[in-house]
Amino acid sequence: MYLLVNVIGLLVFIGVGFIFSKKKKEIDWRAVITMLVINLVLAWFLTSFSIGRDIVLGAANGFNWLVQVAYTGIAFALPSWVNVKQMDFVASVLLPILMIIPLFDILTYIGILPWIIKWLGRGLAKITGQPKFESFFAVEMMFLGNTEALAVSSLQLKQMKAERTLTLAMMSMSCVTASIIGAYTQMMPGQFILTAIPVNIINAIIVTNILNPVKVTPEEDTIAKMGGSASAPGEEVAADGKIEREPFFSFLGDSILNAGKLVLIITANVIAFVALAALIDKLLQLVNPWITLEHLLGIVMFPFAWLMGLDVSHAFEFAQYMGTKLVTNEFVVMGKVSGSIHTFAPHYQAVLTVFVTSFANFSTVGMIIGAFKGLVDREKNDMIAKNVGYMLLSGILVSLLSAATVGLFVW
(Lines give C-alpha, C1' and ligand atoms only; values in the text may rest on other atoms or scores of the structure.)
Protein backbone atom coordinates (compact mmCIF):
# COMPACT_ATOMS: atom_id res chain seq x y z
CA MET A 1 0.00 0.00 0.00
CA TYR A 2 2.71 2.51 0.99
CA LEU A 3 4.60 1.78 -2.25
CA LEU A 4 1.45 2.54 -4.24
CA VAL A 5 0.99 5.82 -2.34
CA ASN A 6 4.61 6.69 -3.15
CA VAL A 7 4.00 6.07 -6.86
CA ILE A 8 0.83 8.18 -6.76
CA GLY A 9 2.78 10.91 -4.98
CA LEU A 10 5.35 11.02 -7.78
CA LEU A 11 2.55 11.50 -10.32
CA VAL A 12 0.82 14.11 -8.14
CA PHE A 13 3.97 16.22 -7.87
CA ILE A 14 4.32 16.19 -11.66
CA GLY A 15 0.62 17.08 -11.89
CA VAL A 16 1.13 20.08 -9.60
CA GLY A 17 3.85 21.28 -11.93
CA PHE A 18 1.48 20.91 -14.90
CA ILE A 19 -1.27 22.89 -13.13
CA PHE A 20 1.08 25.83 -12.56
CA SER A 21 2.82 25.59 -15.93
CA LYS A 22 3.17 28.89 -17.79
CA LYS A 23 2.65 27.27 -21.21
CA LYS A 24 0.90 23.93 -20.84
CA LYS A 25 0.66 23.32 -24.59
CA GLU A 26 4.40 23.78 -25.11
CA ILE A 27 5.54 21.16 -22.58
CA ASP A 28 7.72 18.56 -24.30
CA TRP A 29 6.25 15.50 -22.63
CA ARG A 30 8.50 13.14 -24.54
CA ALA A 31 11.57 14.82 -23.03
CA VAL A 32 9.96 14.94 -19.56
CA ILE A 33 9.07 11.22 -19.64
CA THR A 34 12.54 10.33 -20.97
CA MET A 35 14.23 12.22 -18.13
CA LEU A 36 11.84 10.75 -15.57
CA VAL A 37 12.69 7.23 -16.72
CA ILE A 38 16.43 8.06 -16.62
CA ASN A 39 16.04 9.31 -13.05
CA LEU A 40 14.11 6.24 -11.95
CA VAL A 41 16.78 3.96 -13.44
CA LEU A 42 19.54 6.05 -11.82
CA ALA A 43 17.86 5.95 -8.38
CA TRP A 44 17.21 2.22 -8.78
CA PHE A 45 20.85 1.57 -9.71
CA LEU A 46 22.30 3.67 -6.86
CA THR A 47 20.03 2.18 -4.18
CA SER A 48 19.22 -1.39 -5.25
CA PHE A 49 22.41 -2.76 -6.83
CA SER A 50 25.51 -3.57 -4.84
CA ILE A 51 27.76 -1.77 -7.33
CA GLY A 52 25.53 1.33 -7.19
CA ARG A 53 25.51 1.30 -3.39
CA ASP A 54 29.28 0.81 -3.38
CA ILE A 55 29.70 3.87 -5.61
CA VAL A 56 27.70 6.20 -3.37
CA LEU A 57 29.14 4.73 -0.17
CA GLY A 58 32.64 5.11 -1.60
CA ALA A 59 31.95 8.75 -2.47
CA ALA A 60 30.44 9.36 0.98
CA ASN A 61 33.44 7.74 2.65
CA GLY A 62 35.70 9.92 0.52
CA PHE A 63 34.05 13.08 1.80
CA ASN A 64 34.15 11.76 5.36
CA TRP A 65 37.88 11.08 4.90
CA LEU A 66 38.38 14.70 3.79
CA VAL A 67 36.56 15.86 6.91
CA GLN A 68 38.78 13.69 9.11
CA VAL A 69 41.85 15.21 7.44
CA ALA A 70 40.40 18.68 8.07
CA TYR A 71 40.10 17.84 11.78
CA THR A 72 43.92 17.71 11.90
CA GLY A 73 44.10 21.42 11.13
CA ILE A 74 41.24 22.22 13.48
CA ALA A 75 42.85 20.24 16.32
CA PHE A 76 46.13 22.15 15.85
CA ALA A 77 44.41 25.52 16.32
CA LEU A 78 41.56 24.49 18.62
CA PRO A 79 42.39 21.20 20.38
CA SER A 80 39.75 21.76 23.06
CA TRP A 81 37.08 21.81 20.31
CA VAL A 82 38.16 18.52 18.72
CA ASN A 83 39.54 16.29 21.47
CA VAL A 84 36.18 15.86 23.19
CA LYS A 85 33.55 13.14 23.38
CA GLN A 86 31.03 15.13 21.33
CA MET A 87 32.17 17.96 19.09
CA ASP A 88 29.98 21.03 18.67
CA PHE A 89 28.12 21.68 15.40
CA VAL A 90 30.56 24.40 14.30
CA ALA A 91 33.67 22.30 14.95
CA SER A 92 32.41 18.99 13.55
CA VAL A 93 30.38 20.22 10.57
CA LEU A 94 31.38 23.74 9.53
CA LEU A 95 35.09 24.19 10.22
CA PRO A 96 36.08 21.39 7.78
CA ILE A 97 34.72 23.69 5.07
CA LEU A 98 37.88 25.77 5.60
CA MET A 99 39.87 22.98 3.93
CA ILE A 100 37.33 21.53 1.49
CA ILE A 101 36.41 24.77 -0.29
CA PRO A 102 40.06 25.68 -1.05
CA LEU A 103 40.57 22.10 -2.29
CA PHE A 104 37.76 22.50 -4.84
CA ASP A 105 39.03 25.96 -5.76
CA ILE A 106 42.49 24.50 -6.43
CA LEU A 107 40.88 21.91 -8.73
CA THR A 108 39.24 24.84 -10.54
CA TYR A 109 42.49 26.81 -10.70
CA ILE A 110 44.40 23.96 -12.36
CA GLY A 111 41.54 23.27 -14.78
CA ILE A 112 40.36 19.85 -13.59
CA LEU A 113 36.95 20.93 -12.28
CA PRO A 114 35.98 23.04 -15.34
CA TRP A 115 36.92 20.08 -17.57
CA ILE A 116 34.72 17.70 -15.55
CA ILE A 117 31.81 20.17 -15.60
CA LYS A 118 32.11 20.71 -19.36
CA TRP A 119 32.03 17.04 -20.29
CA LEU A 120 29.38 16.03 -17.76
CA GLY A 121 27.22 18.89 -19.04
CA ARG A 122 27.67 17.79 -22.65
CA GLY A 123 26.89 14.20 -21.73
CA LEU A 124 23.76 15.23 -19.84
CA ALA A 125 22.57 17.34 -22.80
CA LYS A 126 23.07 14.41 -25.17
CA ILE A 127 21.28 11.92 -22.89
CA THR A 128 18.33 14.15 -21.99
CA GLY A 129 18.02 16.03 -25.29
CA GLN A 130 17.94 19.35 -23.44
CA PRO A 131 19.63 22.64 -24.47
CA LYS A 132 23.38 22.49 -23.95
CA PHE A 133 23.70 25.39 -21.54
CA GLU A 134 20.83 24.37 -19.25
CA SER A 135 22.45 20.92 -18.92
CA PHE A 136 25.88 22.49 -18.44
CA PHE A 137 24.49 24.84 -15.78
CA ALA A 138 22.84 21.96 -13.87
CA VAL A 139 26.21 20.21 -13.54
CA GLU A 140 28.00 23.51 -12.82
CA MET A 141 25.66 24.17 -9.87
CA MET A 142 26.45 20.78 -8.36
CA PHE A 143 30.13 21.69 -8.02
CA LEU A 144 30.10 25.47 -7.61
CA GLY A 145 26.77 26.33 -5.97
CA ASN A 146 24.03 28.60 -7.32
CA THR A 147 25.47 32.10 -7.01
CA GLU A 148 28.98 30.98 -8.00
CA ALA A 149 27.64 29.15 -11.09
CA LEU A 150 25.72 32.27 -12.09
CA ALA A 151 28.79 34.46 -11.62
CA VAL A 152 31.03 32.40 -13.90
CA SER A 153 28.26 32.24 -16.53
CA SER A 154 27.74 36.00 -16.78
CA LEU A 155 28.42 36.25 -20.53
CA GLN A 156 25.91 33.49 -21.27
CA LEU A 157 23.26 35.22 -19.14
CA LYS A 158 23.68 38.44 -21.13
CA GLN A 159 23.21 36.57 -24.42
CA MET A 160 20.14 34.54 -23.41
CA LYS A 161 16.51 35.64 -23.67
CA ALA A 162 14.68 36.50 -20.47
CA GLU A 163 12.62 33.29 -20.38
CA ARG A 164 15.76 31.18 -20.28
CA THR A 165 17.30 33.24 -17.47
CA LEU A 166 14.11 32.57 -15.47
CA THR A 167 14.68 28.85 -16.05
CA LEU A 168 18.20 29.19 -14.61
CA ALA A 169 16.85 31.11 -11.60
CA MET A 170 14.36 28.30 -10.95
CA MET A 171 17.04 25.63 -11.34
CA SER A 172 19.27 27.53 -8.90
CA MET A 173 16.83 26.71 -6.08
CA SER A 174 17.68 23.00 -6.27
CA CYS A 175 21.44 22.80 -6.11
CA VAL A 176 23.97 21.93 -3.46
CA THR A 177 27.68 22.73 -3.46
CA ALA A 178 30.20 19.88 -3.69
CA SER A 179 32.45 21.56 -1.13
CA ILE A 180 29.71 21.43 1.50
CA ILE A 181 28.77 17.76 1.00
CA GLY A 182 31.31 16.76 3.65
CA ALA A 183 29.34 18.79 6.18
CA TYR A 184 26.11 17.07 5.15
CA THR A 185 27.57 13.57 5.44
CA GLN A 186 28.57 14.27 9.06
CA MET A 187 24.90 14.73 9.94
CA MET A 188 22.83 12.54 7.58
CA PRO A 189 23.25 9.13 5.85
CA GLY A 190 25.96 9.78 3.28
CA GLN A 191 24.67 7.25 0.73
CA PHE A 192 21.37 9.12 0.41
CA ILE A 193 23.09 12.52 0.27
CA LEU A 194 25.20 11.33 -2.67
CA THR A 195 22.21 9.70 -4.36
CA ALA A 196 20.16 12.90 -4.06
CA ILE A 197 22.68 15.06 -5.92
CA PRO A 198 22.44 13.57 -9.46
CA VAL A 199 18.71 12.92 -9.01
CA ASN A 200 18.21 16.59 -8.10
CA ILE A 201 20.04 17.69 -11.25
CA ILE A 202 17.72 15.81 -13.60
CA ASN A 203 14.61 16.72 -11.60
CA ALA A 204 15.56 20.41 -11.80
CA ILE A 205 15.54 20.07 -15.59
CA ILE A 206 12.23 18.15 -15.52
CA VAL A 207 10.47 20.69 -13.28
CA THR A 208 11.64 23.74 -15.21
CA ASN A 209 10.61 22.04 -18.48
CA ILE A 210 7.09 21.71 -17.06
CA LEU A 211 6.77 25.03 -15.23
CA ASN A 212 8.55 27.21 -17.79
CA PRO A 213 8.89 25.45 -21.17
CA VAL A 214 11.09 27.44 -23.53
CA LYS A 215 11.79 26.68 -27.18
CA VAL A 216 15.51 26.99 -27.92
CA THR A 217 16.59 27.26 -31.56
CA PRO A 218 19.81 25.63 -32.80
CA GLU A 219 21.31 29.13 -33.16
CA GLU A 220 20.58 29.87 -29.49
CA ASP A 221 21.79 26.47 -28.27
CA THR A 222 25.40 27.47 -27.58
CA ILE A 223 27.66 27.68 -24.54
CA ALA A 224 29.76 30.77 -23.88
CA LYS A 225 33.20 30.32 -22.34
CA MET A 226 33.10 29.49 -18.63
CA GLY A 227 33.82 32.72 -16.83
CA GLY A 228 32.23 34.85 -19.53
CA SER A 229 32.89 38.53 -19.32
CA ALA A 230 33.91 38.11 -15.70
CA SER A 231 37.23 36.51 -14.95
CA ALA A 232 37.18 32.88 -13.95
CA PRO A 233 38.61 31.81 -10.57
CA GLY A 234 42.37 32.37 -10.59
CA GLU A 235 42.26 34.88 -13.47
CA GLU A 236 42.41 38.66 -13.60
CA VAL A 237 41.70 41.05 -16.48
CA ALA A 238 44.64 43.36 -17.20
CA ALA A 239 44.33 46.97 -18.40
CA ASP A 240 44.94 45.91 -22.03
CA GLY A 241 42.07 43.41 -21.85
CA LYS A 242 44.28 40.33 -21.64
CA ILE A 243 43.51 37.71 -19.02
CA GLU A 244 46.35 37.18 -16.58
CA ARG A 245 46.63 34.27 -14.18
CA GLU A 246 46.56 35.29 -10.53
CA PRO A 247 49.54 34.01 -8.49
CA PHE A 248 48.60 30.70 -6.89
CA PHE A 249 49.14 31.67 -3.25
CA SER A 250 47.24 34.93 -3.69
CA PHE A 251 44.38 32.91 -5.17
CA LEU A 252 44.58 30.34 -2.36
CA GLY A 253 44.52 33.09 0.29
CA ASP A 254 41.33 34.54 -1.22
CA SER A 255 39.78 31.08 -1.33
CA ILE A 256 40.50 30.47 2.37
CA LEU A 257 39.08 33.87 3.31
CA ASN A 258 35.92 33.12 1.30
CA ALA A 259 35.62 29.75 3.06
CA GLY A 260 35.87 31.54 6.41
CA LYS A 261 33.14 33.98 5.39
CA LEU A 262 30.89 31.06 4.42
CA VAL A 263 31.42 29.39 7.80
CA LEU A 264 30.45 32.64 9.55
CA ILE A 265 27.42 33.12 7.28
CA ILE A 266 26.10 29.59 7.92
CA THR A 267 26.76 29.87 11.66
CA ALA A 268 24.97 33.22 11.85
CA ASN A 269 22.02 31.91 9.81
CA VAL A 270 21.60 28.77 11.90
CA ILE A 271 21.76 30.67 15.21
CA ALA A 272 19.38 33.37 13.98
CA PHE A 273 16.85 30.99 12.41
CA VAL A 274 16.74 28.64 15.40
CA ALA A 275 16.38 31.58 17.79
CA LEU A 276 13.69 33.28 15.68
CA ALA A 277 11.77 30.00 15.37
CA ALA A 278 11.92 29.63 19.16
CA LEU A 279 10.64 33.20 19.56
CA ILE A 280 7.73 32.53 17.20
CA ASP A 281 6.92 29.36 19.15
CA LYS A 282 6.85 31.31 22.44
CA LEU A 283 4.48 33.89 20.95
CA LEU A 284 2.20 31.25 19.41
CA GLN A 285 2.04 29.33 22.68
CA LEU A 286 0.63 32.40 24.37
CA VAL A 287 -2.48 31.67 22.30
CA ASN A 288 -2.44 27.89 22.76
CA PRO A 289 0.30 25.69 24.28
CA TRP A 290 -0.09 23.18 21.38
CA ILE A 291 0.54 25.72 18.64
CA THR A 292 4.14 25.88 17.40
CA LEU A 293 5.69 26.87 14.10
CA GLU A 294 6.55 23.23 13.39
CA HIS A 295 2.96 22.11 14.04
CA LEU A 296 1.57 24.74 11.70
CA LEU A 297 4.07 23.88 8.99
CA GLY A 298 3.32 20.20 9.55
CA ILE A 299 -0.36 20.77 8.87
CA VAL A 300 0.37 22.64 5.63
CA MET A 301 2.91 20.12 4.33
CA PHE A 302 1.20 16.95 5.62
CA PRO A 303 -0.51 15.90 2.34
CA PHE A 304 2.83 16.06 0.50
CA ALA A 305 4.62 14.14 3.24
CA TRP A 306 1.94 11.43 3.29
CA LEU A 307 2.35 10.99 -0.48
CA MET A 308 5.92 9.84 0.18
CA GLY A 309 4.50 6.53 1.42
CA LEU A 310 4.77 7.12 5.18
CA ASP A 311 2.32 6.19 7.90
CA VAL A 312 0.34 9.06 9.40
CA SER A 313 2.52 9.68 12.49
CA HIS A 314 5.77 9.69 10.53
CA ALA A 315 4.19 11.72 7.75
CA PHE A 316 3.23 14.49 10.17
CA GLU A 317 6.72 14.50 11.70
CA PHE A 318 8.27 14.58 8.23
CA ALA A 319 5.93 17.41 7.23
CA GLN A 320 7.24 19.48 10.15
CA TYR A 321 10.82 18.88 9.03
CA MET A 322 9.87 19.80 5.46
CA GLY A 323 8.29 23.07 6.54
CA THR A 324 11.16 23.92 8.87
CA LYS A 325 13.68 23.34 6.09
CA LEU A 326 11.82 25.61 3.66
CA VAL A 327 11.41 28.42 6.19
CA THR A 328 14.94 28.16 7.67
CA ASN A 329 17.54 25.97 5.94
CA GLU A 330 18.70 22.36 5.65
CA PHE A 331 21.27 22.66 8.47
CA VAL A 332 18.56 23.43 11.03
CA VAL A 333 16.72 20.19 10.19
CA MET A 334 19.91 18.15 9.94
CA GLY A 335 20.96 19.39 13.38
CA LYS A 336 17.62 18.28 14.84
CA VAL A 337 17.69 14.73 13.44
CA SER A 338 21.40 13.90 13.20
CA GLY A 339 21.44 12.15 16.57
CA SER A 340 18.40 9.98 15.89
CA ILE A 341 18.07 9.46 12.13
CA HIS A 342 19.95 6.13 12.32
CA THR A 343 16.95 4.78 14.29
CA PHE A 344 14.45 5.71 11.53
CA ALA A 345 13.10 3.11 9.11
CA PRO A 346 15.15 2.94 5.87
CA HIS A 347 12.38 4.49 3.72
CA TYR A 348 11.95 7.38 6.15
CA GLN A 349 15.73 7.92 6.28
CA ALA A 350 15.87 8.03 2.48
CA VAL A 351 13.02 10.46 1.80
CA LEU A 352 13.98 12.81 4.64
CA THR A 353 17.67 12.91 3.69
CA VAL A 354 16.97 13.44 -0.01
CA PHE A 355 14.38 16.14 0.65
CA VAL A 356 16.72 18.26 2.77
CA THR A 357 19.67 17.88 0.36
CA SER A 358 19.22 21.16 -1.50
CA PHE A 359 19.33 24.92 -0.92
CA ALA A 360 15.57 25.27 -1.56
CA ASN A 361 14.35 27.75 1.08
CA PHE A 362 13.12 31.33 1.35
CA SER A 363 16.53 32.86 2.01
CA THR A 364 17.95 31.33 -1.19
CA VAL A 365 15.45 33.36 -3.22
CA GLY A 366 17.02 36.59 -1.99
CA MET A 367 20.52 35.31 -2.78
CA ILE A 368 19.56 34.41 -6.34
CA ILE A 369 17.76 37.69 -7.03
CA GLY A 370 20.77 39.57 -5.67
CA ALA A 371 23.14 37.57 -7.88
CA PHE A 372 21.09 38.24 -11.02
CA LYS A 373 20.81 41.95 -10.24
CA GLY A 374 24.52 42.40 -10.78
CA LEU A 375 24.67 40.19 -13.89
CA VAL A 376 21.71 40.91 -16.20
CA ASP A 377 19.79 43.90 -17.53
CA ARG A 378 16.65 45.32 -15.97
CA GLU A 379 14.22 43.41 -18.20
CA LYS A 380 15.63 40.04 -17.20
CA ASN A 381 15.97 41.02 -13.57
CA ASP A 382 12.35 42.22 -13.45
CA MET A 383 11.14 38.92 -14.93
CA ILE A 384 12.98 36.98 -12.23
CA ALA A 385 11.74 39.29 -9.44
CA LYS A 386 8.14 38.89 -10.65
CA ASN A 387 8.39 35.10 -10.54
CA VAL A 388 9.57 34.52 -6.97
CA GLY A 389 6.62 32.18 -6.44
CA TYR A 390 7.72 30.04 -9.36
CA MET A 391 11.26 29.91 -8.00
CA LEU A 392 9.99 28.63 -4.65
CA LEU A 393 7.58 26.20 -6.31
CA SER A 394 10.37 24.86 -8.51
CA GLY A 395 12.65 24.23 -5.52
CA ILE A 396 9.89 22.52 -3.52
CA LEU A 397 8.78 20.31 -6.44
CA VAL A 398 12.34 19.19 -7.18
CA SER A 399 12.86 18.23 -3.53
CA LEU A 400 9.53 16.36 -3.47
CA LEU A 401 10.19 14.58 -6.76
CA SER A 402 13.70 13.56 -5.72
CA ALA A 403 12.56 12.25 -2.34
CA ALA A 404 9.69 10.32 -3.94
CA THR A 405 11.96 8.93 -6.67
CA VAL A 406 14.62 7.60 -4.30
CA GLY A 407 11.98 6.49 -1.78
CA LEU A 408 10.47 4.09 -4.34
CA PHE A 409 13.50 1.83 -4.05
CA VAL A 410 14.29 1.98 -0.31
CA TRP A 411 12.01 0.16 2.16
Side-chain angles (χ1 to χ4, degrees), residues 2 5-6 8-10 12-13 15-17 19-20 89 173-174 187-188 207 211 266 268-341 343-345 347-369 387-404 407:
Y2 290 127
V5 172
N6 198 156
I8 293 171
L10 195 65
V12 168
F13 302 146
V16 171
I19 290 170
F20 288 96
F89 169 76
M173 293 294 296
S174 303
M187 306 174 77
M188 305 290 277
V207 169
L211 290 177
I266 295 174
N269 272 276
V270 170
I271 291 172
F273 278 128
V274 171
L276 287 171
L279 175 62
I280 293 170
D281 283 348
K282 295 292 184 184
L283 295 174
L284 289 172
Q285 287 170 348
L286 294 176
V287 179
N288 188 307
W290 181 86
I291 301 177
T292 64
L293 182 62
E294 283 195 348
H295 283 157
L296 294 177
L297 293 171
I299 293 169
V300 173
M301 299 300 295
F302 176 77
F304 304 103
W306 182 76
L307 286 169
M308 294 291 175
L310 297 168
D311 61 59
V312 173
S313 62
H314 286 137
F316 185 70
E317 182 181 61
F318 181 36
Q320 294 178 78
Y321 292 141
M322 291 166 68
T324 301
K325 189 257 183 181
L326 296 173
V327 173
T328 57
N329 60 44
E330 70 279 10
F331 279 109
V332 174
V333 177
M334 290 180 179
K336 287 186 175 184
V337 303
S338 61
S340 58
I341 192 167
T343 65
F344 294 1
H347 180 73
Y348 190 11
Q349 282 188 40
V351 295
L352 175 56
T353 303
V354 173
F355 184 86
V356 299
T357 306
S358 81
F359 293 161
N361 56 57
F362 287 100
S363 60
T364 299
V365 173
M367 290 171 57
I368 294 170
I369 291 175
N387 285 276
V388 168
Y390 271 88
M391 290 168 61
L392 281 169
L393 179 60
S394 174
I396 293 169
L397 284 178
V398 171
S399 293
L400 290 171
L401 274 175
S402 295

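In this text the structure is predicted, and so the values were computed from the model without any measurement. All residue numbers in this chain count up from 1 along the given sequence.
- Counting heavy atoms from C-beta on, the side chains of Asn6 and His347 come closer than 4.5 Å.
- Across all non-hydrogen atoms, the minimal contact from Ser358 to Ser399 is OG-OG, 3.3 Å.
- Considering CG of Leu293 and CG of Leu283, their distance stands at 11.0 Å, rounded to 0.5 Å.
- In this structure, Met308 and Leu400 have side chains that are in contact, with non-hydrogen atoms separated by less than 4.5 Å.
- A 4.5 Å side-chain heavy-atom check between Asn361 and Thr328 finds every atom pair outside the cut-off.
- Nearest heavy-atom pair across Leu326 and Ala360 is CD2-O, 3.4 Å.
- We find the OG-CZ distance between Ser394 and Phe20 to be 13.0 Å, quoted to the nearest 0.5 Å.
- Using a 4.5 Å heavy-atom cutoff, the side chains of Glu330 and Thr357 are not in contact.
- Of all non-hydrogen atoms in Ser174 and Gly395, the two that sit nearest each other are OG-CA, 3.8 Å.
- Taking each heavy atom of Met188 and Leu352 in turn, the nearest pair found is CE-CG, 4.2 Å.
- Residues Trp306 and Val5 have side chains in contact (heavy-atom distance under 4.5 Å, counting atoms from C-beta outward).
- With contacts defined as side-chain heavy-atom distances shorter than 4.5 Å, the pair Leu297/Met322 does not qualify.
- Side-chain contact between Met187 and Phe331: present, with at least one pair of heavy atoms (C-beta onward) separated by less than 4.5 Å.
- Taken from CG in Leu307 to CE in Met301, the straight-line distance is 11.0 Å, to the nearest 0.5 Å.
- To the nearest 0.5 Å, atoms CG (Leu286) and CG (Asp281) are separated by 11.0 Å.
- The aromatic rings of Tyr348 and Phe318 stand perpendicular to each other, their planes meeting at an angle above 60°, with 30° marking the opposite boundary.
- Distance check, rounded to the nearest 0.5 Å: CG of Leu397 to OH of Tyr390 gives 11.0 Å.
- Residues Tyr321 and Val333 share a closest heavy-atom pair of O-CG2, 3.4 Å.
- Between the CD1 atom of Ile280 and the CD atom of Gln285 there is a distance of 12.0 Å, given to the nearest 0.5 Å.
- Looking only at side-chain heavy atoms (C-beta outward), Val398 and Met173 stay at 4.5 Å or farther from each other.
- The one candidate from Lys325, Lys336, His295 that meets the side chain to side chain contact (heavy atoms under 4.5 Å, CB included) condition with Gln320 is His295.
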